[in-house]
Structures are given as C-alpha cells and as structure tokens.
Amino acid sequence: MKSKEKKLDRTLSIAPMLDWTDKHYRYFARLMSSKALLYTEMVTTGAIIHGKGDYLAYNEEEHPLALQLGGSDPQALAICAKAAFDRGYDEVNLNVGCPSDRVQSGRFGACLMSEPQLVAECVSSMKQVVDIPITVKTRIGIDEQDSYAFLTEFVETVAEAGCDTFIIHARKAWLNGLSPKENREIPPLDYARVHQLKQDFPTLDLSINGGIKTLAEAKLHLQTLDGVMIGREAYQNPYLLAEVDQQLCGMERSILSRDQVLDALLPYIERHVKQGGKLNHITRHIIGLYQGEMGSRVWRRYLSENAHKSGAGAEVVLQAREKMAQVS
C-alpha cells in the first residue's frame, strides 16, 4: 500500500503494559493529556486471529492510539495490522522487547533481536497492507549480544525494511534467569547508547524508554531525542500526565485538578456499570490519582475494600473522595 502516513506526535507516549494499559486506563489517561500517544497492552496475533474476544476494542476518545502486536509470522502480523488499520488505529507497533518465557516460547518479544532479518520481513509485510506507521519497540541488546554494533546492525536492518520509528528501552534483556519484573530493574540503564544511536541515525525517529519518572527528566532527553516513553510511573502516579500538554507540547490549556479529572471520569464509570461492567475494572487504574496527597491512603483503602462488591457504582468513588477529604 502506498504510504500516506500521518506523522504522529511522539513527544510523550505511555508504554504498553500487560494487564495495565487497557481501554479503561487509556480513557482515564486521555482526560489528563490530549497529546500523549497511548499504547494498548501487547496483543498476540493468535489472540486476534483465533481468539473469541474483541481484542481490538477501544474508546474513540483514546486517539491517538497505537496497537502493540506480539508475533513473528509476517503473514499473521499483516492480517492483524490490516485489522487494526480497518478499526481506526493510528499506529501498529511490533514488540521486540518483552523477555518473558511465555513470549519467548511463541518466538516473539526480545528474542527477535537475534533475528533482525525476520523482524525486517515482519515490518515489510505489515507496511504493504496499511498506510499508518509501523514501529518497533526493542531493547539495547539481549544476553551476551549487547554490543553497540549489535544494536546498530539490528536497527539498520529493520530500518531498511521501511521502519523509521524505534522506541528503545535503554536496558538489555536477559532471556534466561530473570523474571520480566527483574528485567525492568536489574540490567543497568544505558541512556547514552540511545542518544548515540540518534546521533548515528539522525533521520530515524527515536524515543527512549526505561526508568524515566518525571517530566523534567523527559525534557532533558527531548533535547536530543524525538520522544520519551514513560511506563510504570505513568500508571502508579498518573497525575503527572496532567501537565504533559503544557510542559512538553507547548499547549496553552488549563491544568485540571485531581478532583476535576475524577469528575470528568464519573460519567464513563456510570456508563460502564450500567452496561453490566464491574466498578473495579476502572477503579484499579485510578488508585494512584491522589498519590502524595493528604488522605491518599484512605482513598486507596476505601476503593480496594469496596469497589469489587456486587452493585458497586460511581457512588463508591465519591464516598472514597469524601473519606479522604475528612482526613485532610
């Protein structure tokens, strides 16, 4: 397909996180930032092609939105990319960074770094059927294959297939011996390597990921790089997103207070519950909204103890806020 790709603003994106960045979290995040690029959880090609659920469902308000795919079969990836394109996604991202055993057994994730030609074939296959960006999220190396030369060979090979956007987690991955959690914490961060990559491949769009916790840190990386991807901090301390549009993207818009964010979310909660959804499907994502505020522990405890109960609705969220206000 002839490319008519729309250029996405990648200044700040939120990492795909399994069990966390579902459509409810993404709707919540979008209330705070209109500019942040949101990613789905990783979805395998097998789930989309053979699964019974709708793995591509999202709220229209979530745009700009990228689907992250897990897979290594070029044909299956093309089918899924086309399905995502038809459903209106703004980008398809290939996971070449996840180190879990389950992912490796399916021959995708970080282990694909050792097969750059296969990744290139996957990218090329997807690009032939869609005209939205096909991007790759990867590590700086795997196991003993962690030289800068290894990384540049991987990037060069995949870029030649038409991928001009890479999100680099600035740690290598150990494919054996470390859990996914340990792989996010134990291998040392090497931000300098990602910055060097941009210097050596100036025409590529490069974003950095890994260990970034503040917008001030993001600003420093953006002096050299095209984008910053924040993961766990954007989930556990979500209110940092409230200043993204102003601080990083230069937009002139008022910053919502935490209470205003919650008020804006209430109609969504009410719709979800009215349609038969469970309250805690949403409240588990907003536990951290008042992090650092007086009474935040009361907020977290009340939601944790009550949101799962049968018949629980938006009134539980309001009660949690009232309980917190009584503390302060």
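All of these numbers come straight from a predicted model, not from anything done at the bench.
Here the straight-line distance linking atom SG of C80 with atom CD of Q75 works out to 11.0 Å at 0.5 Å rounding. Rounded to the nearest 0.5 Å, atoms CG (N306) and NE2 (H308) are 7.5 Å apart. To the nearest 0.5 Å, the span separating CD on E61 from NE2 on H63 amounts to 9.0 Å. Rounded to the nearest 0.5 Å, atoms NZ (K23) and CG (N59) are 6.0 Å apart. Here L67 contributes atom CG and E41 contributes atom CD; the two are 11.0 Å apart, rounded to the nearest 0.5 Å.
Using modelled atom types, one side-chain atom of R30 and one backbone atom of A36 make a donor-acceptor pair closer than 3.5 Å. Judged by distance alone, the side chain of N183 and the main-chain N or O of W174 form a donor-acceptor pair under 3.5 Å.
By the ring-ring contact (aromatic ring centres under 6.0 Å, His included) test, H281 pairs with H272, sequence neighbours left out. Applying the ring-ring contact (aromatic ring centres under 6.0 Å, His included) criterion to F150, with sequence neighbours excluded, gives no partner residue. E115 is linked by a side chain to side chain donor-acceptor pair (under 3.5 Å) to R107, counting only residues two or more places apart in sequence or in another chain. With sequence neighbours excluded, the residues that form a ring-ring contact (aromatic ring centres under 6.0 Å, His included) with H221 are Y191, H195. Partners of Y235 according to the ring-ring contact (aromatic ring centres under 6.0 Å, His included) rule, which considers only residues two or more places apart in sequence or in another chain, are W20, Y25, H285. By the side chain to side chain donor-acceptor pair (under 3.5 Å) test, K52 is found to be paired with no residue, residues two or more places apart in sequence or in another chain being considered. With sequence neighbours left out, R232 forms a salt bridge (charged side-chain N to carboxylate O under 4.0 Å, His left out) with no residue at all. With sequence neighbours excluded, no residue forms a salt bridge (charged side-chain N to carboxylate O under 4.0 Å, His left out) with R271.
Within the structure, no pair that satisfies the ring pair (Phe, Tyr, Trp, His ring centres under 6.0 Å) test touches residues 114-134, not counting sequence neighbours. Within the structure, the salt bridge (Lys or Arg N to Asp or Glu O under 4.0 Å) test picks out the following pairs touching residues 193-217 (sequence neighbours left out): K7-D205, D190-R193, K198-D226, K213-E233. The salt bridge (Lys or Arg N to Asp or Glu O under 4.0 Å) analysis of residues 294-303, with sequence neighbours excluded, yields no pairs. Sorted by first and then second residue, the pairs that involve residues 27-56 and meet ring pair (Phe, Tyr, Trp, His ring centres under 6.0 Å), not counting sequence neighbours, are Y27-Y268.
Aromatic rings from Y58 and Y89 are positioned such that their centres are separated by under 6.0 Å.
Tested against V92, the residues L77, T135, I134 include a single side chain to side chain contact (heavy atoms under 4.5 Å, CB included) partner, I134.
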